[in-house]
Amino acid sequence: MRKESYEFPLEEFISREEFKKIKKFSRDKETPFLIMDLRKIELMFDEIIGHMPFAKIHYAVKANPLDEVVLSLKNKGSNFDVATVYELDQLLRLGVEPERISYGNTIKKEKDIVYAFEKGVRLFVTDSESDLKKLSKYAPGSRVFFRILTESDGADWPLSRKFGAHPDLIYKMILKAEKLGLEPYGLSFHVGSQQRDIGQWDSAIAKCKYLFEAAASKGIKLKMINLGGGFPAKYLSPTNDLETYAREIYRFLSEDFGDELPEILIEPGRSLTGDAGIIVSEVVMVSKKARFNQYRWVFLDIGKFGGLIETLDECIKYPIYCEKKGCAEEVILAGPTCDSMDILYEDHKYSFPHTLKEGNRVYIFTTGAYTMSYSSVNFNGFPPLKAYVI
Ligand SMILES: *Cc1c(COP(=O)(O)O)cnc(C)c1O
């Protein structure tokens, strides 16, 4: 079993210099915790704008709602997409103007709409007649965009099925929205998070084109397409780079809309914040289940309930690094809670040095998105994931 020596392509995820700083910063802190590097988020913001100058960014706050993250994106000129009145309150508290905020959840109570409208939000998504009626009553005159159902094939963390409606239904809603005194403004979709198949945008954009024409034939001019999220962060499973996404998506848009593109919005969450986070965790225990079992179990002090819920079905494979030297040994990785679902990776075997033992630290890269916002409040008494900002 033990042959090759343990290796990890550290420099694909962080420079040696930066890693030294991270180690120094973390030395006296108790694990587990997340470190967010704001500079990396700002660079990523610039990179996205650079590759997609035709798009307006509405950051999906749920990916990482830290005040500091929101503020640095606010200062970069980003707009924001919220899912709840709680996220809305946070943004307003941080001084984000309501004109920069879209309400991107198709599932809302009447009183949520009342509240958002009262606070000045005028851009809402919808995907049902029921919600549309509520919007017409409680957010009269607002701009609405309609979410199209997509399949999410090819996404590591699928988002569809629950959201969106078939184009035929959307068409009816567009006509109805106008009758109800709303402004049918545009269309949206989400091709699934960490979408590795760029072609998914092609078919979704084609549906938009069809609906733009159908609406135009009734004298309604839609103005906007919201391309959603789905852009990649850097995990173990390879993806194309952002430049390729941008180029291909621009090509799909031009093929359907020619030179006169509608207003384009994107709602990146994962791609903006994912790469900017590192979780530092400690090995709690290493054990074997039976004397002749092939694999050792390595239990970390963070698991599914501490912020790594996207390891469900091993969907997201985080790069995990341990500094020790030794032979590469495949192990089963699990979290610290008393729930047997709290196993991180069993099918996909992670390799660690055979010398790995209790008390050693591991560094989990690309954990800036969907970790602390997903960590449980008090399961087994574990506190929610701590976050530091550098
Ligand atoms: C979660 C979400 C996003 C962000 O998606 P990523 O794949 O993380 O970029 C964007 N839009 C909506 C409506 C969402 O729910």
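Counting starts at 1 for both ligands and their atoms, following the listed order.
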| Donor-acceptor pair, side chain of Glu323 and main chain of Arg361, under 3.5 angstrom | no
| said: Considering non-hydrogen atoms of the protein only, which is the closest contact for atom 9 (O) of ligand 1, and what is the distance? | reply: Gly269 N, 2.8 Å
| request: Identify whether NZ of Lys or CZ of Arg in Lys29 sits under 6.0 Å from the centre of the six-membered ring of Phe25 and within 45° of that ring's axis. | output: yes
| Sidechain N-carboxylate O distance under 4.0 Å for Lys40, Asp275 | no
| Numbered atoms of ligand 1 (with element) below 4.0 Å of Arg270, judged on heavy atoms | 6 (P), 8 (O), 9 (O)
| message | Can you name the atoms of ligand 1, numbered from 1 with element, that are less than 4.0 Å from a heavy atom of Arg147? | response | 13 (C)
| Distance from atom 1 (C) of ligand 1 to nearest protein heavy atom, with residue and atom | Lys62 NZ, 1.2 Å
| request: Check His58 against ligand 1 and report side chain, backbone, both or neither, counting heavy atoms closer than 4.0 Å. | output: neither
| request: Just need the protein heavy atom nearest to atom 12 (C) of ligand 1, so name the residue and atom and give the distance. | output: Glu267 OE1, 3.3 Å
| Between Phe365 and Lys234, is there a cation-pi geometry (under 6.0 Å to ring centre, at most 45° from the normal)? | no
| task | Spell out, yes or no, whether Val125 and Leu169 are grouped together once hydrophobic residues are joined by side-chain heavy atoms under 4.5 Å, including indirect joins. | result | no
| field | Atoms of ligand 1, numbered as shown, that sit under 4.0 Å from any heavy atom of Ala60 | value | 3 (C), 4 (C), 10 (C)
| query | Would the Trp201 and Tyr250 ring centres measure less than 6.0 Å apart? | reply | no
| In ligand 1, which numbered atoms sit nearer than 4.0 Å to a non-hydrogen atom of Pro268? | 9 (O)
| Considering only heavy atoms, does His190 approach ligand 1 within less than 4.0 Å through its side chain, its backbone, both, or neither? | side chain
| message | Quick check: Phe13 with Tyr321 (ring centres under 6.0 Å apart)? | response | no
| field | Lys62 bridged to Asp81 by N-O distance under 4.0 Å | value | no
| said: Taking a cutoff of less than 4.0 Å between a non-hydrogen atom of the residue and any ligand atom, is Gly230 in contact with ligand 1? | reply: yes
| Which residue supplies the protein heavy atom nearest to atom 8 (O) of ligand 1, what is that atom called, and how far is it? | Tyr370 OH, 2.6 Å
| request: Could you check atom 7 (O) of ligand 1 against the protein and tell me its nearest heavy-atom contact, residue, atom and distance included? | output: Ser193 OG, 2.5 Å
